Amino acid sequence: MGKLGVQSILFAVIVQILVISAAANIKNLKIWPMPLSVSYGHRTLQLSNDFVLKTEGSKYTDASGILKEGFSRLLDVVKVAHVVDANFSYAGPSPVLMGIQVVVLSPSDELQYGVDESYNLTIPAHGNPAYAHLTAKTVYGALHGLQTFSQVCHFNFTTRTIEVHQVPWTIVDRPRFSYRGLLIDSSRHYLPLPVILKVIDSMAYAKLNVLHWHIVDTQSFPLEIPSYPKLWNGAYSSSERYTVADAAEIVRYAGRRGINVLAELDVPGHAQSWGNGYPSLWPSKDCQQPLDISNDFTFKVIDGILSDFSKIFKYRFVHLGGDEVDTSCWTLTPRLRKWLKQNKLNGTTAYKYFVLRAQKIALSHGYEIINWEETFNNFGNKLSPKTIVHNWLGGGVAQQVTAAGLRCIVSNQDKWYLDHIDTTWQDFYSNEPLTNITNPKQQRLVIGGEVCMWGEHIDGSNIETTIWPRAAAAAERLWTAYDNLAKNPSQVTRRLAHFRCLLNQRGVASGPLTGGGRAAPEDPGSCYQQ
């Protein structure tokens, strides 16, 4: 048997040994999201002022510096809440943790859908010298392990140092779903680059791994497209734009944190802003969307955009939208009505024609496709087999999609739309992507889920309080093994409150647990009680 086979068996055995079973254990944990398995003790270690990263035995050379940067961020976040006084003299009883030994088994740092994100973390109670040990198959699993390590570190107000509580720790962890997404919308309101980068940082804290960037829509087209440079004439203003370099920086920044960026080009609807630069994309001056289906130039523009996308957005998937398409501009505009008749199409069949033609263009650029669920609801049996159907309208769709043999992402709006500010964190936590899907083959076709931060009422001033802490509730649903999820959200209130306060300490403006999205504290009091 090969080395990987032995490692897989050992991993499975460890999981069986360490699986969390006692409610008494869980209630004492403050880690979010809950790992696959945990054991811990009741001792304390002090973090050395010269806490170091060691990588002896790792097959990953870290030539790109991803691991080194992740370690540097670890030190930053564990020290950010208080000033650590390196000169404070205190002869305490706690032994010292000198550093962390990280062993990554794969030499590759390619980030793509399905990358192994598992890790094993052990922190001893003593040693001479004492080191934590983190093993992962990829550097991205190691980054998740560092995030978990950061959550067991605490500031001691007596010693003015950082301590690790509840040692010894043994944690075995891996995600339940490979796709754990957050959508942001830069069309309804422009989101400055620093705002997007800060959202990416906060995603990493919760182990979310896909930033779905809904770049353009009816209202604005803020992204530079070199192949068709007038498209960003559709931006709100000359300063509310993203250059190619800006987009590349978002992808680079996210990738170094283990987060893929999914670009969305929503067609044929939601595209009125395109015509500000190229009016011939409109069916007419008075009827400006969907995009003109009769004009080959429309599809040349889509091809050019996706060609430019392929140089920036390296994720396997591209999102082509396809939702909320009102074809009346096609059927009521005389020129288009004539074209439809010549091609023996009506509004419904023309919608199918457009979506499938756009899919072929995306496939030609090496992408697999994600489409909103209306495409499946109207002509699911005609979609490319490389299509992932993105559920948003309601429940039961994932069951139908997987029964048809297609993959699915769950974002049902009644539970996982962050702009629905009346939806509570308990609703986000309880939303189960595999509801009524009992066939294991169909279950595997649900690749994950996504919470959606639509931007009609969101900009840089309130995006964080609208995302957090409710997105964290969904993050645990998507990361944590089903048997380790709380059956009643009230069982995790204390732990989620701790994570919310941790976000605040790290500079993320997470709202309180009380109320829905964008809520304010009801009364004076402790962060942990709100």
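Residue indices begin at 1 and follow the sequence shown. Computed from a predicted structure; not experimentally measured. Values below: all heavy atoms of this structure, side chains included; hydrogens, waters and symmetry mates excluded.
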*Those residues that, when tested against Phe354, pass ring-ring contact (aromatic ring centres under 6.0 Å, His included) (two or more places apart)*: Phe299
*Strictly by modelled atom types, are Asn431 and Asn412 linked by a side-chain donor-acceptor pair under 3.5 Å?*
yes
*Consider only side-chain N and O atoms of Ser150 and Arg506, and report whether a donor and an acceptor are under 3.5 Å apart.*
yes
*May I ask you to check whether Tyr429 and Glu476 show a side-chain donor-acceptor distance below 3.5 Å?*
yes
*Using the side chain to side chain contact (heavy atoms under 4.5 Å, CB included) rule, take Leu306 and Leu265 through it: C-alpha gap first, then chi angles, then the decisive distance, then the call.*
CA-CA 9 Å; Leu306 292 177; Leu265 187 72; 4.2 Å; yes
*Distance under 6.0 Å and angle within 45° of the ring axis: does Arg316 meet both against Tyr367?*
no
*Judged by modelled atom types alone, do Asp50 and Ser48 share a side-chain donor-acceptor pair under 3.5 Å?*
no
_Plane angle bin for Trp372 and Trp392 - parallel if under 30°, tilted between 30 and 60°, otherwise perpendicular_ = perpendicular
_Contact check, side chains of Leu383 and Thr375, non-hydrogen atoms, under 4.5 Å_ = yes
_Test side chain to side chain contact (heavy atoms under 4.5 Å, CB included) applied to Val251 - qualifying residues, sequence neighbours left out_ = Val261, Ile312, Phe313
*So, the side chain of Ser273 versus the backbone of Gln219: is there a donor-acceptor pair under 3.5 Å, distance only?*
no
*Looking at Phe317 versus Tyr315, is the centre-to-centre ring distance below 6.0 Å?*
yes
*Without hydrogens or angle criteria, can the side chains of Thr148 and Lys207 be said to hold a donor-acceptor pair below 3.5 Å?*
yes
_ring-ring contact (aromatic ring centres under 6.0 Å, His included) involving Trp479 - partner list, sequence neighbours excluded_ = His144
*For Val446, which of Asn391, Leu434, Ile388 qualifies under side chain to side chain contact (heavy atoms under 4.5 Å, CB included)?*
Leu434
*Quick one: is the NZ or CZ of Arg174 closer than 6.0 Å to the six-membered ring centre of Tyr119, and within 45° of its axis?*
no
*Residue list, ring-ring contact (aromatic ring centres under 6.0 Å, His included) with His165, at least two apart or on another chain*: His154
*With sequence neighbours left out, what residues match Asp109 under side-chain hydrogen bond (donor to acceptor under 3.5 Å, both in side chains)?*
Tyr60, Ser64
*asked:* How close do Ser202 and Val199 get, counting heavy atoms only, and between which atoms?
replied: OG-O, 2.7 Å
*How would you list, by chain and number, every residue that makes a ring-ring contact (aromatic ring centres under 6.0 Å, His included) with Tyr131, sequence neighbours excluded?*
none
*Is any NZ, NE, NH1 or NH2 atom of the basic residue among Glu110 and Lys314 found under 4.0 Å from an Asp or Glu carboxylate oxygen of the other?*
no
*Below 4.0 angstrom, N of the basic side chain to O of the carboxylate: do Asp427 and Lys415 qualify?*
yes
*List the steps and the verdict of side-chain hydrogen bond (donor to acceptor under 3.5 Å, both in side chains) for Ser187 and Asp185.*
CA-CA 6 Å; Ser187 173; Asp185 174 4; 4.8 Å; no
_As a quick check of understanding, evaluate side chain to side chain contact (heavy atoms under 4.5 Å, CB included) for Arg407 and Val389, giving each step before the final call._
CA-CA 6 Å; Arg407 293 167 292 176; Val389 178; over 6 Å; no
*Partners of Glu224 by side-chain hydrogen bond (donor to acceptor under 3.5 Å, both in side chains), sequence neighbours excluded?*
none
*Going by atom types alone, do Thr465 and Arg518 pair a side-chain donor with an acceptor below 3.5 Å?*
no
_Test of understanding: with side-chain hydrogen bond (donor to acceptor under 3.5 Å, both in side chains), list the residues that count as partners of His365, not counting sequence neighbours._
Asp303
*Trp454: what forms a side-chain hydrogen bond (donor to acceptor under 3.5 Å, both in side chains) with it, not counting sequence neighbours?*
Tyr417
*Ser220 and Glu240: side-chain donor and acceptor closer than 3.5 Å?*
no
_For Ser510 and Asn504, which I'm curious about, is there any donor-acceptor pair between the side chains at under 3.5 Å?_
no
*Taking side chain to side chain contact (heavy atoms under 4.5 Å, CB included) as the test, write out the residues that go with Ser430, two or more places apart.*
Pro489
*Does the side-chain hydrogen bond (donor to acceptor under 3.5 Å, both in side chains) test come out yes or no for Lys311 and Ser307, once each step is laid out?*
CA-CA 7 Å; Lys311 299 176 180 68; Ser307 176; 3.2 Å; yes
*Any chance you could measure Glu450, atom CD, to Leu478, atom CG, to the nearest 0.5 Å?*
10.0 Å
_Quick check: closest heavy atoms across Arg176 and Thr480, and the distance to 0.1 Å?_
CD-O, 3.4 Å
*asked:* Do His214 and Ser186 pair up side chain to side chain, a donor and an acceptor below 3.5 Å, judged on atom types alone?
replied: no
*If you measure only the distance, is there a donor-acceptor pair under 3.5 Å linking the side chains of Gln400 and Asn377?*
no
*Can you list every salt bridge (Lys or Arg N to Asp or Glu O under 4.0 Å) pair that touches residues 256-268, not counting sequence neighbours?*
Glu69-Arg256, Asp201-Arg257
*Distance-only, no hydrogens or angles: does the Ser178 side chain make a donor-acceptor pair with backbone N or O of Ile447 under 3.5 Å?*
no
*State whether Trp232 and Arg241 meet the cation-pi test: NZ (Lys) or CZ (Arg) under 6.0 Å from the six-membered ring centroid, and within 45° of the perpendicular axis.*
yes
*Considering residues at least two apart in sequence or located in another chain, which fulfil the disulfide (SG to SG under 2.5 Å) criterion with Cys501?*
Cys527
*Can you find a heavy atom in the side chain of Met203 that is under 4.5 Å from one in the side chain of Leu211?*
yes
_Just verifying a value: how many Å separate Ser118 OG and Asp116 CG, rounded to the nearest 0.5 Å?_
3.5 Å
